[in-house]
Chemist: 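Let me give you the structure first, and then I'll get to my questions.
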There are 2 protein chains.
Amino acid sequence: MTLNPNDPRVKKTRRGLQEAFVRLILKQGYDSISIQDIASEAQAARVTFYRHYRDKEELLTDCLNTLYEGLAEKTQRLSPQSLLEGRSPLSALYEHIEEQENLYHILFSSRGTQTVIERMRHHLALNALDALRTTGRAPQGGIPLDIVAYHTASAQLGLAMWWLEHGKPYPAAYMARVSLWLTLSGLLETMGAADMTLPPPPFPA
Amino acid sequence: MTLNPNDPRVKKTRRGLQEAFVRLILKQGYDSISIQDIASEAQAARVTFYRHYRDKEELLTDCLNTLYEGLAEKTQRLSPQSLLEGRSPLSALYEHIEEQENLYHILFSSRGTQTVIERMRHHLALNALDALRTTGRAPQGGIPLDIVAYHTASAQLGLAMWWLEHGKPYPAAYMARVSLWLTLSGLLETMGAADMTLPPPPFPA
DNA sequence: TTACAGAAATACATAGTGTATCATAAGCTC
DNA sequence: GAGCTTATGATACACTATGTATTTCTGTAA
């Protein structure tokens, strides 16, 4: 028997399980959580869990997929106007991390399924490739573009992870601009376009 | 009763458990492994496992700590001579990944304890800070040095992870040199020292 | 060789997993 | 609103894994 995802009872149960799961992970860590724990926290029967998810891993994936879709949507909504105002896919990333801080803590911990992080990195790498192409040049020394793209994406994602895990020592908006600037200044050099210069972002008050 | 780590029987048992564990992780993944599985694979009694480790996690940490110490040692052995020959801490990293490929696959998967990855990133960040200081300049726009260091370290570590997880599409030595070059060219720009130029590494035959 | 420390064998209490069955209640259709 | 459908709750059960205790066996070192 397969459940109807549009049934309000199903939606309610799933939402309850997901939210309970996140609460428990933050409280006691992933590994020590049992299915019973999740069901109790969600005030549902243990059997109900198995109607919806095969195991804990599947529930986690469901949570993180939802998270990723939120980010993707936020990124998509960037208008040409907002780009001119200094916003970028990195702004969307940092804002989203602040909005969904709890989930990102989980995602960035060793418990976050690698697939979701991988998707984010890939997404950032594609953005980097775009930026590379707009320079209209080939990289110095024939360095393969995939290397440059993943070098860049790793720097961006890793910096965001570092920022969150170290208690957000700088404002999100500043981080987004610095990350972009560090990236672009490196890329311009890499692409033999050091003649184009960018002003570094001002340090916030 | 606490075990004597120098007793040859203890060493043999621990080595057996660690090696069995690695084999099993590569064969069936981390989560589905039971203590019994490990003990059987190591041809030991299940009770014996509990004499040495509290749980799977502790055994994994033991394996990965050993791995990290191997890397640290390899990095330390870099002589000024080898640095002049174009080797760097990044060369040590890429070589070590090739030598211990199986373990690194585990470490870089979502199962690798974040603490070990964190230590590697921190290690690379310290190296980056060194490089920043040798320029004798302050970063443009007053960008905080910790941001620059972690941006750099993330790029280096993330690129190495990408490389391994994508089937090592380029030689390790080339990756080490490209990673260093991408890093330095970005840093020189960041530090307002774009007048110093570095030749990009030649693409390998 | 003897004394000791670690490993093996066995047993057991406990907890978690995954499934089946049936009763109840929420939501949709007419 | 009556009746049908479908999800949930409650209970039970078989099975697997965990963690510890106890006793016996074996490798190591004085």
Side-chain angles (χ1 to χ4, degrees), chain A residues 1-66 106 110-111 113, chain B residues 1-66 106 110-111 113:
Chain A
M1 174 74 63
T2 179
L3 303 186
N4 173 10
N6 297 318
D7 190 309
R9 291 170 295 179
V10 172
K11 287 194 205 170
K12 183 186 167 200
T13 301
R14 293 204 175 151
R15 192 157 15 89
L17 289 172
Q18 290 178 15
E19 288 170 6
F21 193 36
V22 172
R23 279 197 299 277
L24 288 176
I25 292 181
L26 293 170
K27 203 206 305 172
Q28 66 184 79
Y30 179 90
D31 283 306
S32 72
I33 299 174
S34 70
I35 310 292
Q36 178 66 71
D37 291 338
I38 302 170
S40 301
E41 176 75 25
Q43 299 184 62
R46 190 169 64 92
V47 214
T48 302
F49 177 94
Y50 290 107
R51 287 219 183 77
H52 296 272
Y53 302 101
R54 210 166 48 80
D55 51 25
K56 267 196 302 180
E57 206 72 33
E58 195 170 295
L59 174 55
L60 180 65
T61 303
D62 200 26
C63 293
L64 297 182
N65 278 341
T66 306
I106 297 168
S110 62
R111 284 284 4 142
T113 52
Chain B
M1 175 74 60
T2 179
L3 303 188
N4 173 10
N6 296 319
D7 189 308
R9 293 169 294 179
V10 172
K11 286 195 204 167
K12 185 186 167 201
T13 301
R14 292 206 176 148
R15 191 157 15 90
L17 287 172
Q18 289 178 15
E19 288 170 4
F21 193 37
V22 172
R23 279 197 299 279
L24 287 176
I25 291 180
L26 293 170
K27 203 206 305 173
Q28 65 184 79
Y30 179 90
D31 284 305
S32 73
I33 300 175
S34 71
I35 310 291
Q36 179 66 70
D37 291 339
I38 302 170
S40 301
E41 176 76 23
Q43 300 184 62
R46 189 170 65 89
V47 209
T48 301
F49 177 94
Y50 289 107
R51 282 224 188 73
H52 295 273
Y53 302 102
R54 210 167 49 82
D55 51 25
K56 269 196 300 181
E57 207 72 32
E58 195 171 295
L59 174 55
L60 179 65
T61 302
D62 200 26
C63 294
L64 296 182
N65 278 341
T66 306
I106 297 169
S110 61
R111 283 286 4 142
T113 51

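Chain identifiers are assigned alphabetically (A, B, ...) following the order of the sequence lines, protein sequences preceding nucleic acid strands; residue numbering begins at 1 within each chain.
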Chemist: Is there a donor-acceptor contact under 3.5 Å from the side chain of B:Lys56 to the main chain of B:Ile38?
Modeler: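 Pair absent, no side-chain N/O of B:Lys56 close to backbone of B:Ile38.
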Chemist: Quick check: does any side chain N or O of A:Asp37 sit under 3.5 Å from a backbone N or O of A:Ser34, one acting as donor and the other as acceptor?
Modeler: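 Confirmed, A:Asp37 side chain pairs with A:Ser34 backbone.
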Chemist: Could you check how far CG of A:Asp37 sits from P of C:dT17, rounded to whole Å?
Modeler: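 Value for this atom pair: 8 Å.
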Chemist: Name the residue closer to the 5' end of DNA chain C, choosing between B:Asp7 and A:Pro8 according to the nucleotide with the nearest heavy atom.
Modeler: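 That would be B:Asp7.
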Chemist: B:Arg14 has an atom CZ; how far is it from atom C1' of C:dG6, in whole Å?
Modeler: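 Going from B:Arg14 (CZ) to C:dG6 (C1'), I get 11 Å.
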Chemist: In this structure, how many angstroms lie between the P atom of D:dT6 and the CG atom of A:Asn6, rounded?
Modeler: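 About 14 Å, once rounded to whole Å.
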Chemist: Which listed nucleotide (D:dT8, C:dG18, C:dG6) is nearest to the side chain of A:Arg51?
Modeler: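 So the nucleotide nearest the side chain must be D:dT8.
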Chemist: For the side chain of B:Val10, starting at C-beta, report the closest nucleotide among D:dT20, C:dT19, C:dG6.
Modeler: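 When the side chain of B:Val10 is considered, C:dG6 is the closest of D:dT20, C:dT19, C:dG6.
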Chemist: Rounded to whole angstrom units, what separation is found between the NZ atom of B:Lys12 and the C1' atom of D:dG27?
Modeler: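 About 9 Å, once rounded to whole Å.
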Chemist: Across the strands shown, which category fits B:Asp55 at heavy-atom distances under 4.0 angstrom: base, sugar-phosphate, nothing?
Modeler: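 It contacts nothing in the nucleic acid.
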Chemist: Mind calculating the distance between CD (A:Gln36) and P (D:dA17) to the nearest angstrom?
Modeler: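 Those two atoms, CD and P, are 20 Å apart.
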Chemist: What is the minimum heavy-atom distance between A:Thr48 and A:His52, and which atoms define it?
Modeler: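 Residues A:Thr48 and A:His52, closest heavy atoms: O-CD2, 3.1 Å.
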Chemist: Would you say the base of D:dG27 and the side-chain of B:Arg9 have a donor-acceptor pair closer than 3.5 Å?
Modeler: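 Yes, a donor-acceptor pair under 3.5 Å.
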Chemist: Rounded to whole Å, how long is the line connecting atom CG of A:Asp31 with atom P of C:dG16?
Modeler: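 It works out to 14 Å between those atoms.
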Chemist: Considering heavy-atom distances to DNA chain D, does A:His52 or B:Arg54 have its closest nucleotide positioned more toward the 5' end?
Modeler: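 Its nearest nucleotide being more 5', the pick is A:His52.
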Chemist: Expressed as a whole number of angstroms, how long is the span from A:Tyr53:OH to D:dT8:C1'?
Modeler: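 My rounded result for the distance is 15 Å.
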Chemist: Atom CZ of B:Arg46 and atom P of D:dT16: how far apart are they, to the nearest Å?
Modeler: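 In whole Å, D:dT16 P and B:Arg46 CZ are 14 Å from each other.
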Chemist: Between C:dA8, C:dT17, D:dA10, which nucleotide has the shortest distance from any of its atoms to the side chain of A:Ile35?
Modeler: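 Among the listed nucleotides, the one closest to the side chain of A:Ile35 is C:dT17.
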